[in-house]
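Reviewing the structure listed below.
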Amino acid sequence: MSHSRRCQDFHQIQENSNRRDLLLSVALGQVLSLLICGIGLTSKYLSEDFHANTPVFQSFLNYILLFLVYTTTLAVRQGEENLLAILKRRWWKYMILGIIDIEANYLVVKAYQYTTLTSVQLLDCFVIPVVILLSWFFLLVRYKAVHFIGIVVCILGMGCMAGADVLVGRQQGAGENKLIGDLLVLGGATLYGISNVCEEYIVRNLSRVEFLGMIGLFGSFFSGIQLAIMEHKELLKVPWDWQIGLLYVGFSACMFGLYSFMPVVIKKTSATAVNLSLLTADLYSLFCGLFLFHYKFSGLYLLSFFTILVGLVLYSSTSTYVAQDPRVYKQFRNPSGPVVDLPATGQLEPSVTYTSLGQETEEEPHIRVA
């Protein structure tokens, strides 16, 4: 076999691999969207059919499941990955992250009492620029023109869906204090962005089990306190029966699946790609609502869905890259570890590592700080 023939075969294999990675990344994101759809449907049945308005209690159940599965896993590990060893080194960081995660969920759910569904859908997209900015400055991710084009296309698709909601009159959830609701959505989206970027850093540099174990520990503790203070009266009003119990079980299963699976997808792609993928979750909920709640249909919904998918494909078709400058890159791993002094002479150039998908990979030596 000639050299040119071997090169052609190699490039063909590489193109097929890249195509599979592209389809896989889009498919994984849609699995997350379907889980969010399940969360939304069970929450809607609980609040509208059974008048069970208990968002803090629902989150508390999820954190308890994370605690039982992942925190106990950390507790039985040995060495540096043991629960006590992790708490000794960075307990306060995970405590802050746990509070951020709790309040992000609470603020967005609370916003539905004050503003319209369309406003929540549009303003929740604010999480995307938050993730991009935080990834740029703290994870040192660098984007290319095609990434920004893909992001704009996704947001246009979301705007198309909001326009369809207005045309068919799907404006439920409007309240008298729309400004308060809009501010709550923006606050929740900002906290979601912070949580997602921290999650990306931890699952890439530490471990998925550590992240979920610590979220389960601090999330269950602080959401339990919030539940006792703010929602204990609502719990007493819930007309408990097997149907409500089944809805709570379904909600908890979807939420636990989302939390467990999201770190896997973030590590495979990125926090930005995941949040773009989640834009289709509202559309899946809508398609289910056409049959379950008799929503009105508009062709703009299908246009919105395919526009978002096109944006996702554009974004995922090319690699982002990370410029790791040892002078500014922060280590989360062990702040008490030894410090490596870098030579003062000569001009330091940041190394560049390509991540995610695409053909552009480059091996560069890295300076590791313990």
I'd like to know if the side chain of Thr318 reaches the main chain of Leu314, judged simply by a donor and an acceptor atom lying under 3.5 Å from each other, with no hydrogens or angles considered. no
Rounded to the nearest 0.5 Å, the NZ atom of Lys44 sits from the CG atom of Leu247 at a distance of 13.0 Å
Gap between atom CZ of Phe287 and atom CG of Asp282 - 0.5 Å precision: 11.0 Å
Which atoms form the tightest heavy-atom contact between Val131 and Gly193, and what is the distance? CG2-CA, 3.6 Å
Same cluster or not: Tyr201 versus Val264, using hydrophobic residues (I, L, V, M, F, W, Y) connected whenever any side-chain heavy atoms lie under 4.5 Å apart? yes
Under a 3.5 Å threshold, yes or no: a donor from one side chain and an acceptor from the other, between Tyr192 and Asn105? yes
I'd like to know if the side chain of Thr42 and the backbone of Ile39 have a donor-acceptor N/O pair within less than 3.5 Å. yes
Between Tyr63 and Tyr259, what is the ring plane arrangement, given parallel below 30°, perpendicular above 60°, and tilted in between? perpendicular
Heavy-atom pair of closest approach, residues Val127 and Ala189: CG2-O, 3.5 Å
CD1 of Ile155 to CG of Leu279, rounded to nearest 0.5 Å, is 7.5 Å
I need the minimum non-hydrogen distance between Ser260 and Pro263, along with the two atoms involved. O-CD, 3.5 Å
Given side chain to side chain contact (heavy atoms under 4.5 Å, CB included), test Thr272 with Ser135 step by step and report yes or no. CA-CA 8 Å; Thr272 305; Ser135 297; 4.2 Å; yes
Do side-chain atoms of His232 reach the backbone of Ala228 as a donor and acceptor pair under 3.5 angstrom? yes
Please answer whether the main-chain N or O of Phe57 pairs with a side-chain N or O of Glu231 as donor and acceptor at a distance below 3.5 Å. yes
Tell me whether Val76 is reachable from Leu206 by hopping between hydrophobic residues (I, L, V, M, F, W, Y) whose side-chain heavy atoms are closer than 4.5 Å. no
Find the distance between CG (Leu66) and OG1 (Thr71) and round it off to the nearest 0.5 Å. 7.5 Å
Counting N and O atoms only, with roles assigned by atom type, does the side chain of Ser220 sit under 3.5 Å from a partner on the main chain of Leu217, one being a donor and the other an acceptor? yes
Minimum heavy-atom distance between Val108 and Gly188, given as atom pair plus value: CG2-CA, 3.9 Å
Would Ser59 and Ser223 count as a side-chain hydrogen bond (donor to acceptor under 3.5 Å, both in side chains) if you check the C-alpha gap in whole Å, the side-chain angles of each, and the deciding distance to 0.1 Å? CA-CA 7 Å; Ser59 295; Ser223 66; over 6 Å; no
So does Trp136 get a backbone contact from the side chain of Arg142, meaning a donor-acceptor N/O pair under 3.5 Å? yes
Can you confirm if the aromatic rings of Phe305 and Tyr284 lie within a centre distance of less than 6.0 Å? yes
So CG of Leu227 and OG1 of Thr54: to nearest 0.5 Å the spacing works out to 8.5 Å
Member of Arg90, Arg89, Arg77 meeting the salt bridge (charged side-chain N to carboxylate O under 4.0 Å, His left out) criterion with Glu210: Arg90
So, do Gln226 and Glu103 sit near enough that their side-chain heavy atoms are less than 4.5 Å apart? yes
So which heavy atom on Glu200 is nearest to which on Ala271, and how close? OE1-N, 3.0 Å
Would you say the side-chain atoms of Arg208 pair up with the backbone N or O of Ile202, donor to acceptor, closer than 3.5 Å? no
Ser277 (side chain) donor-acceptor with Leu32 (main chain) under 3.5 angstrom: no
Looking at Ser43, is its backbone amide N or carbonyl O close enough to the side chain of Ser47 to form a donor-acceptor pair, meaning the two atoms are under 3.5 Å apart? yes
Does some side-chain heavy atom of Asn196 sit less than 4.5 Å from a side-chain heavy atom of Val274? no
Aromatic contact between Trp240 and Phe50, with the criterion being ring centroids under 6.0 Å apart: yes or no? no
Stepwise side-chain hydrogen bond (donor to acceptor under 3.5 Å, both in side chains) check, Gln30 with Thr280: CA-CA 7 Å; Gln30 297 316 294; Thr280 58; 2.7 Å; yes
Looking at Ala85 and Gly79, what are the two nearest heavy atoms and their distance? CB-O, 3.7 Å
Could you tell me if the side chain of Ser316 sits less than 4.5 Å from the side chain of Thr269, heavy atoms only? no
Students often mix this up, so state it plainly: with edges at 30° and 60°, are the rings of Phe222 and Phe218 parallel, tilted or perpendicular? parallel
Give a yes or no on whether Leu278 and Val310 share a hydrophobic cluster (residues Ile, Leu, Val, Met, Phe, Trp, Tyr; joining criterion: side-chain heavy atoms under 4.5 Å apart). no
Side-chain heavy-atom pair Leu74, Tyr70 within 4.5 angstrom cut-off: no
The reported gap from CD1 in Ile128 to CG in Leu276 (rounded to nearest 0.5 angstrom) is 4.5 Å
Give a yes or no answer on whether the side chain of Ser195 reaches the backbone of Leu191 with a donor-acceptor pair at less than 3.5 Å. no
Picking from Leu133, Leu139, Leu140, what satisfies side chain to side chain contact (heavy atoms under 4.5 Å, CB included) with Phe137? Leu133
